[in-house]
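As structure tokens, the structure follows; a few thoughts come after it.
Please read all numbers here as calculations on a predicted model, not as lab measurements.
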Amino acid sequence: MLAQKSAMRPAVASRARSVSVKAASANRPSWFPGSKFPDHLDGTLVGDHGFDPLGLGKDPAKLKWYQQAELQNGRWAMMGAAGILVPDLFHSVGLGGPAAQVPWFEAGKYEYFAPPSALFASMMFLFAFVEFRRLQDIRKPGSVNQDPIFTNNKLPDGEVGYPGGIFDPLGYSKGGSLQTLKLKEVKNARLAMLGFAGFVAQWFTTGKTPLQNLADHLADPWSTTVLSNDLARL
């Protein structure tokens, strides 16, 4: 009898785990309700809603890199969206100086303090330096997680790309809401990437900035829509 009970315990535990996993999956938001979650996306990644129709994340190493790529591109998109909308807003109210008078799609024509070629070369060097260090820390966790100048600053192990140690002036990583903040960040990052794609589409079809398009629509909402644009209808 004792042997039978002992043999039954693993099976009961296995069924309990299976039921808990199914329950978690049932409560987990899906990018397409009713679709099956891929086996390699178990919900542990921030913002994981089971979206991988091409199976690009089946390799765990590549999945980690794709997660980092989404995070970094999303942060640039958020900065880019703000860099488009804020000067556009200043321009609309007559503020911001000469730089705000240049629409975002003609920013390269503005005369900066140095030639565009020198600024581009400096930017690419700094980008490459930071990205190479980040790649190395992903490949070999903990190998490049220390500030090269301020050596007292160090990233926590396994937290590549997130604050804590090196840059966290407001102490967000110290509280218990870090996971919630990570989810909010990736949601806003995805929205910003889609938003920037929309800004590009607006410029291509109308030749105007986002706020100019918004003003035109508000001035005549029934006639100025995406359906009234010849290029957008193609």
Query raised in the report: ring pair (Phe, Tyr, Trp, His ring centres under 6.0 Å) with F196: which residues, sequence neighbours excluded?
Result: W104

Query raised in the report: In the hydrophobic cluster built from side-chain contacts under 4.5 Å, what are the other members alongside L63?
Result: L41, L45

Query raised in the report: Partners of D52 by salt bridge (charged side-chain N to carboxylate O under 4.0 Å, His left out), sequence neighbours excluded?
Result: none

Query raised in the report: Which distance, rounded to the nearest 0.5 Å, do you find between the CD of Q202 and the CG of L214?
Result: 8.5 Å

Query raised in the report: Is it true that a side-chain atom of Q101 and a backbone atom of G97 form a donor plus acceptor pair closer than 3.5 Å?
Result: yes

**Report entry** Residues which pass side chain to side chain contact (heavy atoms under 4.5 Å, CB included) with S143, listed by chain and number, not counting sequence neighbours
**Finding:** D137, K140

Requested in this report: For residues K187 and L191, determine if any side-chain heavy atom of one lies less than 4.5 Å from a side-chain heavy atom of the other.
Outcome: no

Query raised in the report: Does Q146 have any side-chain hydrogen bond (donor to acceptor under 3.5 Å, both in side chains) partners at least two apart in sequence or in another chain, and if so, which?
Result: none

Query raised in the report: For W31, what are the other residues in its hydrophobic cluster, where any two members join if their side-chain heavy atoms are less than 4.5 angstrom apart?
Result: F32, F51

Report summary line: With sequence neighbours left out, the residues meeting ring pair (Phe, Tyr, Trp, His ring centres under 6.0 Å) with F90 are none

Query raised in the report: Transitive ILVMFWY cluster of L126 at side-chain heavy atoms under 4.5 Å: who else is in it?
Result: F125

Report summary line: The salt bridge (charged side-chain N to carboxylate O under 4.0 Å, His left out) partners of R190 (sequence neighbours excluded) come to E70

Query raised in the report: For F105, which residues count as a ring pair (Phe, Tyr, Trp, His ring centres under 6.0 Å) partner, sequence neighbours excluded?
Result: W203

Requested in this report: State, to 0.1 Å, how close G74 and A192 come at their nearest heavy-atom pair, and which atoms those are.
Outcome: O-CB, 4.5 Å

Query - ILVMFWY network linking F199 to F204, side-chain heavy atoms under 4.5 angstrom - result: yes

Report summary line: Distance col, row L89:CG vs L95:CG, nearest 0.5 angstrom, shows 8.5 Å

Query raised in the report: Roughly how far, to the nearest 0.5 Å, is CG of D59 from NZ of K64?
Result: 14.0 Å

Requested in this report: Take I84 and T209 through the side-chain contact (heavy atoms from CB on, under 4.5 Å) test and state the conclusion after the steps.
Outcome: CA-CA 8 Å; I84 290 172; T209 66; 5.9 Å; no

Requested in this report: Taking salt bridge (charged side-chain N to carboxylate O under 4.0 Å, His left out) as the test, write out the residues that go with K36, two or more places apart.
Outcome: D39

Query raised in the report: Do L135 and W65 have side-chain heavy atoms sitting under 4.5 Å apart?
Result: yes

Query raised in the report: Taking all atoms of both residues into account, what is the closest heavy-atom pair of V46 and V186, and its distance?
Result: CG1-CG1, 4.0 Å

Query raised in the report: Would you call K182 and E185 a salt bridge, taking side-chain N to carboxylate O under 4.0 Å as the test?
Result: no

Requested in this report: Report the distance from atom CG of D216 to atom OG1 of T206, rounding to the nearest 0.5 Å.
Outcome: 8.0 Å

**Report entry** Spacing of CE belonging to M78 relative to CZ belonging to R75, to within rounding of 0.5 Å
**Finding:** 7.0 Å

**Report entry** Shortest non-hydrogen separation from K62 to L56 and the atoms involved
**Finding:** CB-O, 4.4 Å

Query raised in the report: What are the two closest heavy atoms between F37 and H49, and how far apart are they?
Result: CE2-O, 3.7 Å

Query raised in the report: Which atoms form the tightest heavy-atom contact between L85 and L211, and what is the distance?
Result: O-CD1, 4.0 Å

Query raised in the report: For the residue pair H40 and G57, what are the closest heavy atoms and their distance?
Result: CD2-O, 3.2 Å

Query raised in the report: Apart from W76 itself, what residues make up its hydrophobic cluster, given side-chain heavy atom links below 4.5 Å?
Result: M79, F120, M123, M124, F127

